Structures are given as structure tokens and as C-alpha cells.
Visitor: 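One structure, pasted below without further comment.
In what follows, chains are A, B, ... by sequence order, proteins preceding strands, each numbered from 1. Atoms considered below: every heavy atom in the structure, side chains included; atoms not considered: hydrogens, waters and symmetry mates. Predicted model only: the values in this text are computed from it and were never measured.
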2 protein chains.
Amino acid sequence: MAKIGIKDIAAKAGVSIATVSHAFRNPGRVSEQTRRKVLAAADEVGYAPNRLARSLRTARSGCIVAIIPDVADNHNSGIIKAIEKTAHARGYSVLLGDTQGSPQREREFAAMARSGQADGIILMSHRMPFRIGEGQLDIDELPPLVNGCEFAGYDELPMVGIDDFTAAVDAANHLIDLGHKDIALVTGDMATTSSRRRLDGFSRAMADAGIEINDRLVVYGEYTLGGGEAAARSLLMEKQRPSAILCFSDEIALGCMAVLRERGFDVPGDISVIGFDNIPFARYVAPPLTTIAQPAADIGTTCAALLLDLIDGKRPDKMRHVMPHELLVRESTAPVFDGRRT
Amino acid sequence: MAKIGIKDIAAKAGVSIATVSHAFRNPGRVSEQTRRKVLAAADEVGYAPNRLARSLRTARSGCIVAIIPDVADNHNSGIIKAIEKTAHARGYSVLLGDTQGSPQREREFAAMARSGQADGIILMSHRMPFRIGEGQLDIDELPPLVNGCEFAGYDELPMVGIDDFTAAVDAANHLIDLGHKDIALVTGDMATTSSRRRLDGFSRAMADAGIEINDRLVVYGEYTLGGGEAAARSLLMEKQRPSAILCFSDEIALGCMAVLRERGFDVPGDISVIGFDNIPFARYVAPPLTTIAQPAADIGTTCAALLLDLIDGKRPDKMRHVMPHELLVRESTAPVFDGRRT
DNA sequence: TGTTGGATGTTAAACGTTTTACATTATCTC
DNA sequence: GAGATAATGTAAAACGTTTAACATCCAACA
């Protein structure tokens, strides 16, 4: 059986193909009677309109592409889940653009929007995947694009994320308020804007508290469990051990904590640990993790809504959507133990 | 600037559109000289071929859809990450079909393959999203489809997953070997084939060991942290408390462990816990989780490879791809403490 | 009775490619 | 130099829709 199309339905129902099309997309343009006739014919043979042909004609693919570093990261997956959900609710599908941090793949996925395969892009990266200016694309002829969690350097693009600077300040202050001075830092990939800003926030908080940052206690890592693990190992070998560790993600924090435990350190008795993100696991681990919560679902939803509006031609009323973060004090942080330096 | 197409490039390079097309898809069909001319023209204006038109003409979308219960589930996300990776390596994109268990959405996503939007389906569900037989689709006119982790009931479809029955036997035997008799069970959604088979495996192992299953100790839950949490709460209220809990996923297990800890139970001192999946976190939690490891990446890779072969017209040499599972004994399980019933 | 206009249906031109079949030219063989 | 063959290019027909423009019919209205 050759693939059946609108033509076959038209023949079967004894009408023109235009009528069939109308019966589907534009009831009201066709009498109730013919509409039913068409639908019946379609139903009988299990007709499914060809989406590609439709998209080609209408220049709308009905897809968006989510460019994201790693679907298997718990923070990422929470966001993409929300993206998918709100896209679906508005009739869009989402193409998964897992880049593993590769700029090459970021560009490949972004290109889908230029080839008609996607109507817009949610970009969770700090890199612009298009050449802007210099005889190439102009900034305002980009495909609809919203920047999530990271900042690609163009204020003309809507972006949504938390205030990383302040969030880091809050995290640091929490530790400082508990009396910690020897605070270690484990960052994510320092190419990301999120890590850079958090680092700035941390520095500011420390400066404001009059505490000097011990460079040997800041390790430039990556946003993974393994990153946290490696960081903790290196930290523990320092002569001057930290009394607290501020991690730029919960996965990092959990990686750290595993090493600390393995080495016999008590968290938070010996060392306090604070994370970032508030992934679902954070409150289930032992001890429950103190963290800076990010509203992952809201971020995803907002990204998607913004993008779909953009696709529909609605300019967003504001470009910077800063979502609220929140310090969640659980049990992985505690006042510094004065006698610890024994 | 109107969207530029092959026609514009043809004009710009002074050749026919056929030649432009050949220059891209079929070099060799065109002289090196003209090819360069075309490429130069295309490059100059940043031409990107319209994928939809191409797909329409060739009847190949270059997409597959991954129908999966929940991207934010750690086991799922590991699989889908591998799917994306291998699909990408073979020039395919993946559409994200997060269903949250809804049959409706499963059908919607599956329909993409009938509308030309996707060339094939990876179905991680036990439900067939098409009407088979009864005047409707025949089983062998389904779109290319491979069944991952669950079994939709058709032996004609390739499927890949572990041997859930044996895996559960192994898990149960581990506990039994440690001397446990009061073994609780926390299942996932019992509509899934994975949970049903694991339950069968558990029953078999218990029967073989001559241990009677205490019905009050089996709770029918769902594959989530919350599911584990709720299950543990209900379990702890039983008069006859379990000395071990077998959970059908690591997330369930971690949910359980959090409750146990909160209530002052030591794992594994008071109660042993074993999970399923070996999600990345499993070895990082306290205590590191004993679990039945599933090769998530291999499962994803195999699903994708199988599907792409199917799309290319290669019949798989075998239909059942059972991937190896492995009992990973870590520290959440221990011999039963005889004096515990005090 | 002629005019207007709404309701319903159809024709045909797009949308931007790929690909078959054919045309032209160049190269080779004898 | 004839004929065959290879190399290169092109015209035009698809692919399966949507949609603007037009046609027809009929009721309503003056």
C-alpha cells in the first residue's frame, strides 16, 4: 500500500483536495455534512496528514530545539522536562540538543532553526552558535532564540535564569554567618557565565566580610559528580583544610560529600557543604543538602513560553527574566567548630 | 530579506537549481569547478538548505522520536542521552517524547512517525501506541519501532532490555543469602512489564528459598523518590517490620533510605536496602547503594542502532536483545542481625 | 426580477527541494 | 572521422500540503 495522502481521501470522499484540507484545518469553511464525509473517509483508512508537507507550505515546523549541555544532569533534565511540557501544551515538539559542551554540536543544533527544521531555539549555553555581524547574520535576523541559565553576550536576546551573583553571595554569607573563614570553592566550567558570576559573588561576599580568599582552596571544576569528587580529593590534601565547601552545583556537592565521608570526615561536623540547584535528590541524601534552590521548572516553562511567544511574533515585555533563587538551609552546614584545628 | 533558497544560489552561481542540489548532495555529479562556484555562492549568503523540503521529497525526516516516561528520571535520562548520542552520530535528530506515563501522549508522539515527522520510534513503554489489527494497522506496516526496557506485547518488534525476572531473582537471592526472611518489596508501576516480571522473579526466589512472602510487606508503588518515601513510611508502620527492602529502582531505594534515616533506622544495620538501575548517584550516597546495575548507555545505544538499521531496511538478526545486568554489592545491604527482634 | 452576498466548493499556484530523463560537449577507440 | 562512452549540465516532474482566487448556488431583499 502506497502511503495515502490527501488526494486519496479526496477521491474517496468525492471532493477536492482543497475541501479535505479545509475539513481538517478550517471547519466552518466547509459544510458540516461534507466535513463528516471527509473525516469518515480519513478515519476509515487511518489517514494521517503529512506534517512535512504542511510545514513546508506554512513555513512552520512546529518544533523547537533545546540546546542543553547534558540531559543526564539533574538540573538540566528538570528544566528540559518543563520545556517539553509547556511546548507540548502549545502544540510544539521539542528536539533534544544534548551538546556535552561541544560548541560544534551547539552550532549543529542551532542550524536546525535555519534549515526550517525548528522554529526557535532555547539556548542553555554561553556561546552564540551563529556568526553575528561581519557580513554574516545580523543580530536581529537570528531565529527566535531565548537564552536559558547562561548568557551568550547579547542583550537583544531574552534570557531567563537566576541572579547568579547574588545567589553566590547568599551562599557565601550563609557560610560566613556560621563563622566559617576557611571556605573552599568548587566551581563548574569557568567558561560558563553562571560559574563566572557565582565566582564574582563569592569574592564579593568574602571581601565584604573581610575574609581573604585562600587561592589554594578554590578549585575550578565541572558541574558533575566526578567533578565534585576530584575537587574534594584535592582539597583534602591541602595543608590548610577548609571548614566549609561551597559548590556550584548539587552534583558537585554530593561528589564532595562522598569523598569526605569516605575519608572519615563528618558533614557538617568537620566540614560544611553547600550546593546549588536543589535537585530532587538534595533533600534525600544524608545529610540533607543545604543549597541554593533554582526554580528549574519555572525556568523551563518561562523559556518555552517566551520562545513560543517570540515565534508568534510577540515581543517580550522585558528581556531579563531573573527568577528567584532561595537559600535552603538543611543539614549539611553547621557553625564552624572552633576546636577543630587540632 | 526573503528566505533565500536553492533558486537564489542557482541564480547567483549562474547554474540551474539541479546543479546546486547536486553540488551539495552529490558532488562527483558535477565538476569540481562548478561545485566550488556553487559552494562559494552559498557560503557568501549563508545559505542553509531547507530540511523540510528535502525531507518531503525524500520521504525521510532524519528524526526519530524517543517515547519515554520521564526525562527527569535518572535511569531514563541515561538511556536517552545514549540514544541522542548514537542517533546524532548517524545523522539523526531525536524528538523528545516525555509522556509522564500518559497513554494519550504516547499515541500523540507515536503519531509523529505516521505523519512523516519521524522515521522511527523508540518506545519505552508497555503499551502499543497504535491500534493493531481489527481493520486498522497491520503489525508489519507499523513504522520502524523498537521497544526499550518494557514489552508492548509484540514479538515481531525488536526489543532491548535486561532480563527483569532473573535480575529480581538475583536481587532477592542476595538478600536471602544474607539471611533475610522478612523481605519487603517496593515495586514500580505494576502496569509496566518490568515491574511485573521483577515481581515474578522475586516470588520465584522466595519460593525457591522456602520463604513465605508476607503480603503486608509488598507495596505497589511507582518509580520515583516520592514513591520510595511513601512506601517506606507505610512499611515502618507494619507490626512485623522487614529486615530488608528490595526496591525496583534506585530512586525508590533512596526515597526509602531517607525515611529510614529520618526515623532513626540504620541502613544496613537495622534494615538492608537494595535498588535497581545503578544510577550515577547510587555509589555516592550514604551508604553506597547495593543495586542491580542496568547498562543504561548500552541499552540506549542498542535501541538507537537497532532502530536506525531498521529504518535503513536492515532486519535485525535477533529480536530479543537482553542486556546483562549485574548485582553490585555495596554497603546498603548486610547480614540480618539475629538479635534485632527485641 | 435583478442584485447582493453568504455559503460552499474547486482550481491551481505555491512551498523548496530531489531526481529522472534528456541534452550537450568532450574524450577515446578504431 | 565515425561511433561509442563518459562527463557535465538542465528541464521538469514530483513530494503532500495550504491558500488565494475564483465559481456556483441559493436565499434574501428591494
Side-chain angles (χ1 to χ4, degrees), chain A residues 1-39 41-42 45-63 91 111-119, chain B residues 1-39 41-42 45-63 91 111-119:
Chain A
M1 175 194 70
K3 194 73 185 119
I4 77 163
I6 205 175
K7 260 187 284 209
D8 308 85
I9 304 306
K12 201 172 174 68
V15 297
S16 75
I17 63 166
T19 301
V20 175
S21 180
H22 281 138
F24 277 102
R25 309 286 164 219
N26 212 351
R29 186 62 182 70
V30 86
S31 77
E32 184 55 24
Q33 188 190 349
T34 26
R35 190 170 143 269
R36 261 204 285 271
K37 199 168 51 178
V38 170
L39 260 30
V45 294
Y47 165 67
N50 184 312
R51 195 68 204 303
L52 297 172
R54 176 158 132 84
S55 293
L56 174 59
R57 180 56 229 250
T58 59
R60 278 297 181 77
S61 69
C63 289
M112 292 180 158
R114 308 226 336 120
S115 69
Q117 208 171 169
D119 299 331
Chain B
M1 174 194 72
K3 194 72 185 122
I4 78 163
I6 206 176
K7 260 186 284 207
D8 308 85
I9 306 304
K12 201 173 173 71
V15 297
S16 74
I17 63 166
T19 301
V20 176
S21 180
H22 280 138
F24 278 102
R25 309 284 165 222
N26 212 352
R29 186 61 181 70
V30 87
S31 78
E32 184 55 23
Q33 188 189 351
T34 27
R35 189 171 143 270
R36 261 204 285 273
K37 201 168 49 177
V38 169
L39 261 30
V45 295
Y47 165 67
N50 184 313
R51 196 65 205 303
L52 297 173
R54 178 157 132 82
S55 293
L56 174 59
R57 181 57 229 250
T58 59
R60 278 297 181 78
S61 68
C63 288
M112 292 181 158
R114 309 225 335 121
S115 70
Q117 209 171 169
D119 299 332

Visitor: Between protein and nucleic acid, restricted to nucleotides 23-27 of chain D and to nitrogen or oxygen atoms under 3.5 Å apart, what atom pairs and distances do you find?
Guide:
none

Visitor: Looking only at heavy atoms, which two atoms of Asp119(A) and Gly62(A) are closest? And how far apart?
Guide: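 Where Asp119(A) meets Gly62(A) most closely, the heavy atoms are OD2-N, 2.8 Å.
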Visitor: Can you pull out the residues from residues 47-57 of chain B that lie within a 4.0 Å heavy-atom distance of DNA chain D?
Guide: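 Heavy-atom cutoff 4.0 Å gives Leu56(B), Arg57(B).
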Visitor: What do the steps show when you test Cys63(A) against Met112(A) for side chain to side chain contact (heavy atoms under 4.5 Å, CB included), and what is the final call?
Guide: CA-CA 10 Å; Cys63(A) 289; Met112(A) 292 180 158; over 6 Å; no
Visitor: Reading DNA chain C in the 5' to 3' direction, which nucleotide is the first one with an atom under 4.0 Å from a heavy atom of chain A, and which is the last?
Guide: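 First and last nucleotides in contact are dT8(C) to dG16(C).
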Visitor: List in chain and number order the residues that pass side chain to side chain contact (heavy atoms under 4.5 Å, CB included) with Ala111(A), two or more places apart in sequence or in another chain; answer none if no residue qualifies.
Guide: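 Side chain to side chain contact (heavy atoms under 4.5 Å, CB included) check on Ala111(A) returns nothing, list empty.
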Visitor: Please output the side-chain donor-acceptor pairs of residues 18-25 of chain A that fall under 3.5 Å, not counting sequence neighbours, one pair per line with the distance.
Guide:
{"from": "Thr19(A)", "atom 1": "OG1", "to": "Ser16(A)", "atom 2": "OG", "distance (Å)": "3.1"}
{"from": "His22(A)", "atom 1": "ND1", "to": "Ala18(A)", "atom 2": "O", "distance (Å)": "3.3"}

Visitor: Starting at CZ of Arg57(B), measure out to CG of Leu56(A) and round the result to the nearest 0.5 Å.
Guide: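 With rounding to 0.5 Å, CZ (Arg57(B)) is 12.5 Å from CG (Leu56(A)).
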Visitor: Identify, with sequence neighbours excluded, every residue that meets side chain to side chain donor-acceptor pair (under 3.5 Å) alongside Ser115(B).
Guide: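 Checked Ser115(B) against side chain to side chain donor-acceptor pair (under 3.5 Å); zero matches.
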Visitor: Roughly how bent is the helix from dT1(C)-dA30(D) to dC30(C)-dG1(D) end to end, in steps of 10 degrees, with each end axis from five pairs?
Guide: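 For the helix from dT1(C)-dA30(D) to dC30(C)-dG1(D), the axes at opposite ends meet at about 40°.
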Visitor: Show me the side-chain donor-acceptor pairs of residues 45-52 of chain A shorter than 3.5 Å, one per line, residues at least two apart or across chains.
Guide:
{"from": "Asn50(A)", "atom 1": "OD1", "to": "Leu52(A)", "atom 2": "N", "distance (Å)": "2.7"}
{"from": "Asn50(A)", "atom 1": "OD1", "to": "Ala53(A)", "atom 2": "N", "distance (Å)": "3.0"}
{"from": "Arg51(A)", "atom 1": "NH1", "to": "Ser61(A)", "atom 2": "O", "distance (Å)": "3.4"}

Visitor: State which residues pass side chain to side chain donor-acceptor pair (under 3.5 Å) with Ser31(B); sequence neighbours excluded, sorted by chain then number.
Guide: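 So Ser31(B) forms a side chain to side chain donor-acceptor pair (under 3.5 Å) with Thr34(B).
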Visitor: Using heavy atoms and a sub-4.0 Å distance, could you list which residues of residues 17-27 of chain B are near DNA chain C? By number, please.
Guide: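 The stretch gives Ile17(B), Ala18(B), Ser21(B), His22(B), Arg25(B) as the residues lying under 4.0 Å from the strand, ordered by number.
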Visitor: Between Gly28(B) and Thr58(B), who's closer to the 5' end of DNA chain D by nearest nucleotide?
Guide: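 The residue closer to the strand's 5' end, by nearest nucleotide, is Gly28(B).
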Visitor: According to salt bridge (Lys or Arg N to Asp or Glu O under 4.0 Å), who are the partners of Lys37(B), at least two apart in sequence or on a separate chain?
Guide: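 Per chain and number, Lys37(B) pairs via salt bridge (Lys or Arg N to Asp or Glu O under 4.0 Å) with no residue.
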Visitor: Which residues pass the side chain to side chain contact (heavy atoms under 4.5 Å, CB included) test with Glu32(B), sequence neighbours left out?
Guide: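 For Glu32(B), the residues satisfying side chain to side chain contact (heavy atoms under 4.5 Å, CB included) (neighbours in sequence not counted) are Arg35(B), Arg36(B).
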